[in-house]
Every structure is written in structure tokens, then in C-alpha cells.
Amino acid sequence: MPSVTVQTSKDPLVLHAYSQDLWPRKLLELRENGPLANPTVDQVFWPETAQEVAQVIAWARDPENDAELYPYGAGSGVLGATIPTPDSQREGEPVGQKHRKRVVVDLKKMRKIRSLDRKSMTVWAEAGWIGENLERALNQEGFTLGHFPSSIYCSSLGGYLATRSAGQLSTKYGKIEDMVLAVEFVLPNGTIAETGRAPRSAMGPDWTQLLMGSEGTLGFFTAACLQIQPLPEARVFMGFAAASVPQALEFTRALMQRGTRPAVLRILDPSETSLTLSSEAKKACDFSGNVAIVAVFEGTRRIVEAEAEEVREIAGKLEVKDFGPALGEHWWAHRYDVSYKQQLILSHNRMILDTFEVAATWDLIEELYKNVKATSVGMGILLAHFSHFYHTGANIYFTLVSHAGPFESAVDRYDVIWENLLKSALASGATLSHHHGVGTLKNLWLRREMGAWIQVFEKVKRALDPENRFNPSKMGL
Ligand SMILES: Cc1cc2nc3c(=O)[nH]c(=O)nc-3n(C[C@H](O)[C@H](O)[C@H](O)COP(=O)(O)OP(=O)(O)OC[C@H]3O[C@@H](n4cnc5c(N)ncnc54)[C@H](O)[C@@H]3O)c2cc1C
């Protein structure tokens with residue numbers, strides 16, 4: 001039997017903690033039914049090196065152990081991606097059949113910086129780094145990664161790679177898949193393999209990008225080579241008001257297509273403007289208007305000033321009202337607040353709250369916004385902001401605040417709401433996730449969105465993980 005020297009635990013408290021991520025549906029279940037009688041995972045490992053990850057894989061493949069493996073970053077996922085799929089929802093597995101051991105492999109002990117190349121501006125960092133700690137370590141060297149998800153205090157580099165995460169400053173610095181040059185990956189057969197070696201290559205398909213977004217179904221990210229940026233010399237904050245969402249979209253499209261690259265660009269729709277901008281904030285910024293727009297530029301002083309000048313000119317032409325820096329400064333100071341307030345709403349009996357983030361090209365985005373808003377009538381309050389922008393389109397981040405209403409269970413109400421909202425977004429031409437990923441919530445939706453490509457993906461999965469041990473029954477598989 002392969003020996004394992006990796007730290008491990010079967011302590012029931014530990015197993016309960018790892019049986020859940022931050023998927024609001026699971027939190028509603030917990031609120032309604034109390035803690036699970038039995039945790040959904042059987043054991044947890046904490047490897048410290050890629051070799052130890054390979055040891056755990058060998059252990060799991062041993063018939064005496066016969067375990068499924070669930071790669072785990074920090075558990076900040078909001079879709080149930082790390083949670084084993086219940087037997088009843090697995091295709092081809094009779095209910096009641098004895099299940100294989102379900103083993104979580106938490107990579108948080110893998111947090112070394114292996115090398116930092118000042119000349120090429122790259123860093124090799126291990127997958128277990130919590131985002132904020134990695135950022136601080138880079139800041140001490142005079143660099144930034146430029147990746148600032150709202151969950152930066154409670155999410156890991158491995159999780160970012162595995163879910164194709166996007167940070168708040170993505171419009172300038174790109175998403176995690178734009179920052180990665182190469183990864184160290186442990187394949188399901190235990191092979192430790194590195195991808196990539198140059199800023200770009202035409203030596204066949206790009207294996208790094210095949211693995212990005214695989215949500216633990218194809219193996220483990222253990223380290224990544226990422227591009228880094230010098231710390232910005234200057235920052236320019238801006239705030240605007242548009243009369244309507246279409247006017248704000250026209251303005252932001254013009255910014256992107258004229259070539260400005262704000263680090264932050266956000267449109268808050270009327271509900272989000274009125275509910276998330278406090279009256280003190282509006283007063284401090286002397287803000288009046290339906291639709292708030294925030295822009296922040298950062299980089300070298302002369303470049304950001306030139307960009308800001310361009311933005312002011314476009315705003316003037318499109319009659320978007322300029323409120324100076326205060327709104328941008330206020331947003332920056334509170335940029336992580338809202339996400340953490342969501343748990344307060346969920347702690348109220350029968351309240352429901354969840355978010356979803358879709359994306360579409362410019363020709364579809366306005367219709368998408370209108371259709372999803374129309375679908376939500378009668379479901380609760382649907383707030384929306386647009387927060388990641390491209391030459392060709394943008395994303396919309398919806399937040400639904402609702403109540404169980406006549407439903408006996410908030411979970412049942414939640415399921416009906418989400419079925420309808422996702423259906424409406426898909427029919428409007430959107431991709432159903434811009435950056436949160438697939439998880440359990442969107443597992444079957446992936447099949448609908450991917451069409452014929454799901455069969456290709458199934459073949460890739462079978463080739464890499466023929467024993468179907470890695471986060472099985474996820475990603476539409
Ligand atoms: C308050 C809040 C705000 C958020 N804001 C953002 C945001 O701004 N942008 C954004 O993109 N997301 C955001 N998220 C979602 C979440 O933080 C991201 O999906 C993040 O990338 C998950 O990282 P994690 O380390 O917590 O991964 P986990 O939740 O632990 O895992 C997520 C998935 O990745 C897989 N995985 C994790 N580590 C590895 C690894 N090393 N190798 C292989 N697979 C692995 C898991 O198996 C699972 O399928 C937010 C979440 C919360 C709770």
C-alpha cells in the first residue's frame with residue numbers, strides 16, 4: 001500500500017467545515033435544517049509540496065482506499081464547486097450504492113514564492129497563497145499582481161486558476177487567465193507536469209488554457225508563473241452620472257473602443273445606485289443621478305492623466321455628467337464592503353440572497369439586462385452592476401434579494417428563482433458565468449451552453465481521469 005506522510009484529519013468538526021463552501025443555497029439549507037447529520041466528506045489532507053499531492057493521489061488510487069479527490073483552495077466559491085455531488089444526482093450511480101471515500105485536498109500549506117524575475121516581471125507562486133497575502137508579499141518587492149477579487153481575503157491562487165477568476169481591476173490588468181504564463185499541475189495519474197515557458201507559443205494547443213477553469217475535475221494546480229506589474233505611480237479617481245443604463249453603456253463602450261483602459265470601470269444601475277450608495281456618500285460626492293459610473297485609472301502619471309482627459313472629453317460629448325473624483329474615491333475606500341454584508345441578510349430567517357454574473361457582446365448587453373430584469377419581476381429586488389469591460393462587450397453582475405414568501409422552504413423558492421433567471425439570461429445570448437464558474441448550481445446549465453463541445457470535454461476528462469476520481473459529476477460531466 002502506498003505510504004502517505006501528509007498531514008490528514010478525520011475529526012468530525014474538520015469534516016463538517018469542509019462539507020460546505022459559500023454557496024448561498026447550502027447556507028439556506030443549513031439555516032433551515034441545522035447542521036448535517038453526517039459530513040459529506042470523509043477525510044482531509046494538507047500536502048505541502050507537489051510530490052505530497054502525488055502521494056495523496058497514489059493513496060487514493062490504491063484499491064484499499066479507493067477515494068475521490070476534491071481539490072480545495074479556500075472554500076470561497078459561491079456555487080458549491082468543492083462539495084461532493086449527492087449520490088441521487090450522479091448519472092449512472094444507483095441510489096444507495098456504497099460510495100467511494102470523499103477526500104478533500106486543501107492546498108493552503110503550499111505558499112512559497114519559488115522565484116521572482118524582475119527583468120521579465122514574472123513570479124512563480126504556489127497555489128495555496130491567499131490572494132491578499134500574495135499581493136502584500138509582491139508589494140514588498142515593488143510589484144502588484146493586479147488581481148483583486150472581492151474575496152481576496154478568503155480565496156486562493158489555486159482557486160483563481162481553477163475558476164477563471166476576475167478581479168476588480170480586471171479591465172486594465174486582465175483576468176487570471178491573462179496573467180498566467182505557465183502552471184505546475186499534478187495530473188490524475190500523479191504526474192507532475194509544467195505547461196508553457198514563454199510569453200506565447202505556437203507549439204500546438206495551449207495546455208495552460210485547457211486547464212484554466214477546470215474546477216478540480218482534471219487535477220491539481222500546485223503553482224503558477226504569473227506576470228506582475230510595477231506598483232502604480234499615480235491613481236486618478238472619477239465619478240459620473242448617466243440618465244439611463246443605455247446611456248451609461250454607450251459611454252463605457254466608447255471608452256473601451258477608443259482605447260482607454262481604466263483599472264476600474266463600473267456602472268451601477270438605478271436600483272444599485274439607490275441602494276448601495278449611502279445618502280452620506282451621495283452628499284459627500286454631491287451626487288445626483290439615476291445611474292452612477294465609477295472609473296479609476298492607475299499606472300504612470302502621464303499616461304493616466306492622458307487617459308482621464310480622454311474620458312472627460314468623451315463624457316462631455318455624450319452628455320454624461322462628471323462629478324469629479326469623490327465618487328471614485330468613495331467606491332475605492334469601500335470596495336470590499338458589500339460582499340461581506342451579504343451574510344447579514346442571509347442570517348435573517350427566510351431571506352434569500354444570491355448573485356450571478358453573466359457576459360455578452362455589446363450588441364446583446366442592453367437586451368440581456370432588460371430581459372433578466374423583466375424576468376425578476378415578482379421575485380424580489382434585483383440589483384445590477386456592470387464591472388468588467390472589453391472592446392467587444394461587458395459583464396453584468398446581478399444581486400437578487402428575496403424572501404421565501406408563500407413557499408414553505410426558502411430553498412424551493414431559491415431553485416425556482418434561479419431556474420428562471422438563468423433561462424432568461426441564456427435565451428438572451430449570455431454566457432452564464434463571467435467569473436464565478438460552474439460549481440453545482442450551474443452544473444447542468446454548462447451542458448446547455450456548451451452544446452456539442454460537452455462531448456469533447458467528456459473525452460478530455462475520460463483521457464485524463466479515466467477512474468473519474470477528481471471532483472466527479474461536476475462541469476456537466
Ligand atoms: C464575498 C465574495 C466575493 C467574491 N468575489 C469574487 C470576485 O470578485 N471575483 C471572482 O472571480 N470570484 C469572486 N468570488 C468567488 C470566489 O472567491 C472565487 O471563485 C475564487 O476563485 C475561489 O477561490 P478558492 O480558493 O476559495 O476556491 P475554492 O472555493 O476552494 O474552490 C473553487 C473550485 O476550484 C477548485 N480548486 C481550488 N483550488 C484548486 C487547485 N489548487 N487545483 C485544482 N482545483 C482547485 C475546487 O475544486 C473548486 O472546484 C467571491 C466570493 C465571495 C464569497
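Each ligand, and each atom within it, is numbered from 1 in the order the structure gives. In this chain, residues are counted from 1 in sequence order.
Tested against L157 for a side chain to side chain contact (heavy atoms under 4.5 Å, CB included), the candidates I176, V180, L107, I130 yield a single pass: I176. Only one option out of W23, W445, F356 pairs with W418 in a ring pair (Phe, Tyr, Trp, His ring centres under 6.0 Å); it is F356.
In summary, the aromatic rings of Y397 and F386 are positioned with their centroids too far apart to meet the 6.0 Å limit. Ring centers of W207 and F185: at least 6.0 Å apart, outside the cut-off. Y173 and F148 have their aromatic ring centers separated by at least 6.0 angstrom.
At a 3.5 angstrom cut-off on N or O pairs, S151 counts as close to ligand 1. Looking at P71 next to ligand 1, an N or O pair under 3.5 Å apart turns up. In terms of N/O distances under 3.5 Å, ligand 1 is approached by S150. Taking only nitrogen or oxygen atoms, main chain and side chain alike, S156 reaches within less than 3.5 Å of ligand 1. The shortest N/O to N/O separation between P149 and ligand 1 does not fall below 3.5 Å. Between S165 and ligand 1, at least one pair of N/O atoms sits closer than 3.5 Å. Between A127 and ligand 1, no N or O atom pair is found at a separation short of 3.5 Å. Between Y70 and ligand 1, not a single N/O pair is under 3.5 Å apart. An N or O contact shorter than 3.5 Å links G159 to ligand 1 by distance. In terms of N/O distances under 3.5 Å, ligand 1 is not approached by F148.
The shortest heavy-atom distance from L107 to ligand 1 is under 4.0 Å.
For the pair D66 (side chain) and K101 (backbone), a donor-acceptor distance under 3.5 Å is absent.
For ligand 1, the atoms closer than 4.0 angstrom to any heavy atom of Y160 are 21 (O). Within the listing of ligand 1, atoms 15 (C), 16 (C), 17 (O), 20 (C), 22 (C), 23 (O), 24 (P), 26 (O), 29 (O), 51 (C), 52 (C), 53 (C) sit less than 4.0 angstrom from a heavy atom of S76. The atoms of ligand 1 that sit less than 4.0 Å from any heavy atom of S155 are 17 (O), 23 (O), 25 (O), 26 (O).
Interatomic distance, CG of D354 versus CG of L400, reported as 8.5 Å (0.5 Å rounding).
R111 CZ: 12 or fewer foreign heavy atoms inside a 6.0 Å radius.
Ranked by closest heavy atom to atom 30 (O) of ligand 1, the top entry among G167, G75, A162 is G75.
A donor and an acceptor atom, one from each side chain of N420 and K423, are nowhere located under 3.5 Å apart.
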